[in-house]
Amino acid sequence: MAVQMHMETAEGLKIPSLGFGTWQCTDEDELEAALNAALETGYRHVDTAYFFGNEHVVGRVINEWIESERLAREDVFLSTKLPIFGFHEDLVEEYMLKSLENLGVERVDLYFAHFPLHMNYDEGLDDPTFMETDHMAVWKKMEEQVEQGRATAIGLSNFNMTQTERIVEEAAIKPACLQVENHIYLQQRDLVQFCHDNGIVVIGFSPLGSPDVNSFYESIGRPTRDLPDLFQDPTVLSLAEKYGKTAAQILLRFQLQRDVAVVVKSKTPSRIEENFEVFDFCIGDEDMEELRALDVGEAARIVDFSVLSQKLLEQPEWPWHTFTKVSE
Ligand SMILES: NC(=O)c1ccc[n+]([C@@H]2O[C@H](COP(=O)([O-])OP(=O)(O)OC[C@H]3O[C@@H](n4cnc5c(N)ncnc54)[C@H](OP(=O)(O)O)[C@@H]3O)[C@@H](O)[C@H]2O)c1
């Protein structure tokens, strides 16, 4: 089965199916080198977020490529996100403009709502405040960003099925994409199917299981957690041997073959190349079934936003109540 280099939304927006992620890339020199390596390798989809604190570096590198005519603006698909502390109708425009300024571009290809509720932690993570969340009011402001030409398309991130359905039903401009954690252990098949039925491209984040996520928890003073190691999964290892590929390549290819686009992060040049070499082989149907059978569900969720504040769990729009029960 050949996988497409691009995935297409109902409105005909083409999204490169393998994107370069930039979360936890806060060392400017390191990110600059990694993004240069990624663009040289052929990545044409770059994922950042206001929350990642690195839009200025991402924008600088992309603009250097454009100015030196190694890249045309329309050849790179650039996404960023409205942060959790900007998730309110009165704040959308302000944060959109901040992101454009940080990135040094007039328009992003995709502007995501990063998380389906508002939390401000200007006074520190131990003392956050919350504003009431009206999803449709925020989405209307997101739509205005498209109308103003600041974003080609808008999308959702970390929204659950009910929340996504509501936006799809009521929006004037439908979400182009849903970016959610997605990998062999957390396949979210119903949500993926719903998106596919509605012409929404699903972009799976942490496709390798975000093996360095504990360093993020530590960086904000939170305890580390025991997390599944996707690279050690016996099925993945045996398929890697069978196809003469690495575990990472099996994990990425699995997603692409189920029509889930991926954003994958690495600061290591050899891995940046390795992760891009997934278009030259095909996982057979029976092996795809074996990988599908590895799905664990919510208990395998790795990126836990409640580490920011346990008070998130009390918010009506906290998206993962099943997950909450599992981790209690
Ligand atoms: N919307 C959201 O809320 C959200 C949340 C999380 C992530 N994301 C996006 O999704 C992107 C990817 O997710 P992620 O960064 O959490 O995790 P990931 O891409 O699953 O994993 C990244 C980690 O895997 C390592 N790695 C990369 N390629 C490898 C390979 N071939 N072999 C062995 N190890 C490898 C990297 O190490 P080195 O860097 O040391 O090479 C890094 O520690 C993010 O960067 C971000 O853009 C979005």
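All ligand and atom numbering here is 1-based and tracks the order in the structure.
Distances shorter than 4.0 angstrom do not occur between any heavy atom of Phe20 and any atom of ligand 1. A heavy-atom separation below 4.0 Å is found between Phe231 and ligand 1. Residue-ligand proximity: Phe52 is placed with a non-hydrogen atom under 4.0 Å from ligand 1.
For the pair Lys81 and ligand 1, the shortest N or O to N or O distance does not fall below 3.5 Å. Taking distance alone, with nitrogen or oxygen atoms compared against 3.5 Å, Phe305 stays at or beyond that limit from ligand 1.
In terms of protein heavy-atom proximity, atom 47 (O) of ligand 1 is closest to Asp47 OD2, 2.7 Å. Atom 6 (C) of ligand 1 has as its closest protein heavy atom Phe205 CD1, 3.3 Å. Regarding atom 40 (O) of ligand 1, its nearest protein heavy-atom neighbour is Lys267 NZ, 3.0 Å.
Leu208 has its side chain within reach of Leu252: a pair of non-hydrogen atoms, C-beta onward, lies under 4.5 Å apart.
Under 3.5 Å, the side chains of Thr246 and Glu274 contain a donor-acceptor pair of N or O atoms.
Phe216 has its ring centre less than 6.0 Å from the ring centre of Trp23. Separation of the Trp320 and Phe115 ring centroids falls under the 6.0 Å cut-off.
Of all the heavy atoms of Phe276, none lies under 4.0 Å from any atom of ligand 1, so neither backbone nor side chain is involved. When non-hydrogen atoms are compared, ligand 1 lies under 4.0 Å from the side chain of Gln179 (C-beta onward) but not from its backbone. Here Asn275 has side-chain heavy atoms under 4.0 Å from ligand 1, and that is the only part of it that gets that close.
Of the possible donor and acceptor atoms, one in the side chain of Arg73 sits under 3.5 Å from a partner among the backbone N and O of Arg107.
Cation-pi geometry between Arg150 and Tyr111 is not satisfied (NZ or CZ under 6.0 Å from the ring centre, within 45° of the ring normal). Lys245 forms no cation-pi arrangement with Tyr243, by the criterion of a distance under 6.0 Å to the ring centre and an angle within 45° of the ring axis.
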